[in-house]
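For reference, positions follow the sequence shown, starting with 1. Keep in mind that the numbers below use all heavy atoms, side chains included, and drop hydrogens, waters and symmetry copies.
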Amino acid sequence: MKLVLFRPEKLNPPRRGEQFYDRLRLNPGTNHRSEDEVKRLISHPDYAQHSEWGAIEVIEEKAIVPKKTPVESGLDKLSEEDLRK
């Protein structure tokens with residue numbers, strides 16, 4: 001999946017609401033689209049100009065990185081006197 005940001009206010013003339021690119025509907029804001037849908041969007045004749053105006057931006061989704069679990073090292077059990085030695 002990829003994210004497609006659509007800002008209809010940056011089109012010329014500025015618009016509100018959804019926009020269709022050969023049956024592919026983009027709503028204002030963030031749109032989640034498959035690889036095939038993004039390829040169809042990029043191949044649309046209006047894509048280059050709308051992208052140049054900043055109305056459409058395709059963004060790769062960030063990978064989800066699992067949180068690290070804390071590992072006990074034993075240092076948290078030492079007193080300040082033990083750390084000075």
Side-chain angles (χ1 to χ4, degrees):
M1 292 294 269
K2 290 190 177 188
L3 296 177
V4 179
L5 298 179
F6 179 59
R7 300 175 193 99
E9 68 276 3
K10 292 190 174 190
L11 292 173
N12 189 8
R15 297 182 184 108
R16 292 185 187 174
E18 62 192 14
Q19 175 79 16
F20 287 89
Y21 294 89
D22 294 334
R23 297 186 186 178
L24 178 64
R25 184 176 84 188
L26 294 181
N27 294 315
T30 305
N31 295 270
H32 296 272
R33 296 291 178 235
S34 69
E35 297 284 334
D36 291 336
E37 290 173 322
V38 171
K39 286 178 185 176
R40 283 186 11 228
L41 175 65
I42 291 172
S43 66
H44 192 275
D46 294 336
Y47 175 80
Q49 182 63 56
H50 291 184
S51 178
E52 187 177 314
W53 289 336
I56 300 175
E57 184 178 352
V58 177
I59 299 174
E60 296 283 338
E61 281 193 293
K62 294 181 181 178
I64 299 173
V65 179
K67 293 183 179 180
K68 289 185 178 181
T69 56
V71 177
E72 289 189 31
S73 63
L75 293 176
D76 55 341
K77 297 177 183 172
L78 295 175
S79 66
E80 288 184 30
E81 291 177 17
D82 293 334
L83 292 174
R84 289 186 203 142
K85 291 182 182 178

Q: For Pro28 and Gly17, work out which heavy atoms get closest and say how close.
A: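 Closest heavy-atom pair between Pro28 and Gly17: CG-O, 3.3 Å.
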Q: To the closest 0.5 Å, what do you measure between CZ (Arg40) and CD (Glu37)?
A: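 Interatomic distance, Arg40 CZ to Glu37 CD, rounded to 0.5 Å: 6.0 Å.
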Q: With rounding to the nearest 0.5 Å, note down the distance linking OG in Ser51 to CD1 in Ile42.
A: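 These two atoms lie 8.5 Å from each other.
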Q: Side-chain heavy atoms under 4.5 angstrom apart, residues restricted to Ile, Leu, Val, Met, Phe, Trp, Tyr: same cluster for Leu3 and Val58?
A: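 They do not share one cluster, since no chain of ILVMFWY contacts under 4.5 Å joins Leu3 to Val58.
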Q: Roughly how far, to the nearest 0.5 Å, is CG of Leu11 from CZ of Phe6?
A: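 Output value for this atom pair is 5.0 Å.
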Q: Calculate, to the nearest 0.5 Å, the distance between atoms CG and CD1 belonging to Asn31 and Ile59 respectively.
A: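 Interatomic distance, Asn31 CG to Ile59 CD1, rounded to 0.5 Å: 11.0 Å.
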Q: Mind checking the NE2-NE2 spacing from His50 to His44? Nearest 0.5 Å is all I need.
A: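 One gets 8.5 Å once the value is rounded to the nearest 0.5 Å.
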Q: Once you round to the nearest 0.5 Å, how far does NZ of Lys2 lie from NE2 of His32?
A: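 Between atom NZ of Lys2 and atom NE2 of His32 there are 14.5 Å.
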Q: Among Thr30, Asn27, Leu41, which residue meets the side chain to side chain contact (heavy atoms under 4.5 Å, CB included) test with Val4?
A: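 Considering Thr30, Asn27, Leu41, a side chain to side chain contact (heavy atoms under 4.5 Å, CB included) with Val4 is found only for Leu41.
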Q: Taking the side chain as every heavy atom from C-beta outward, state whether Leu24 and Arg33 have any pair of such atoms under 4.5 Å apart.
A: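 Yes - at least one pair of side-chain heavy atoms lies under 4.5 Å apart.
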Q: Do any pairs count as a side-chain hydrogen bond (donor to acceptor under 3.5 Å, both in side chains) and have a residue in residues 4-17, sequence neighbours left out, and if so which ones?
A: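 The answer is Arg7-Glu57.
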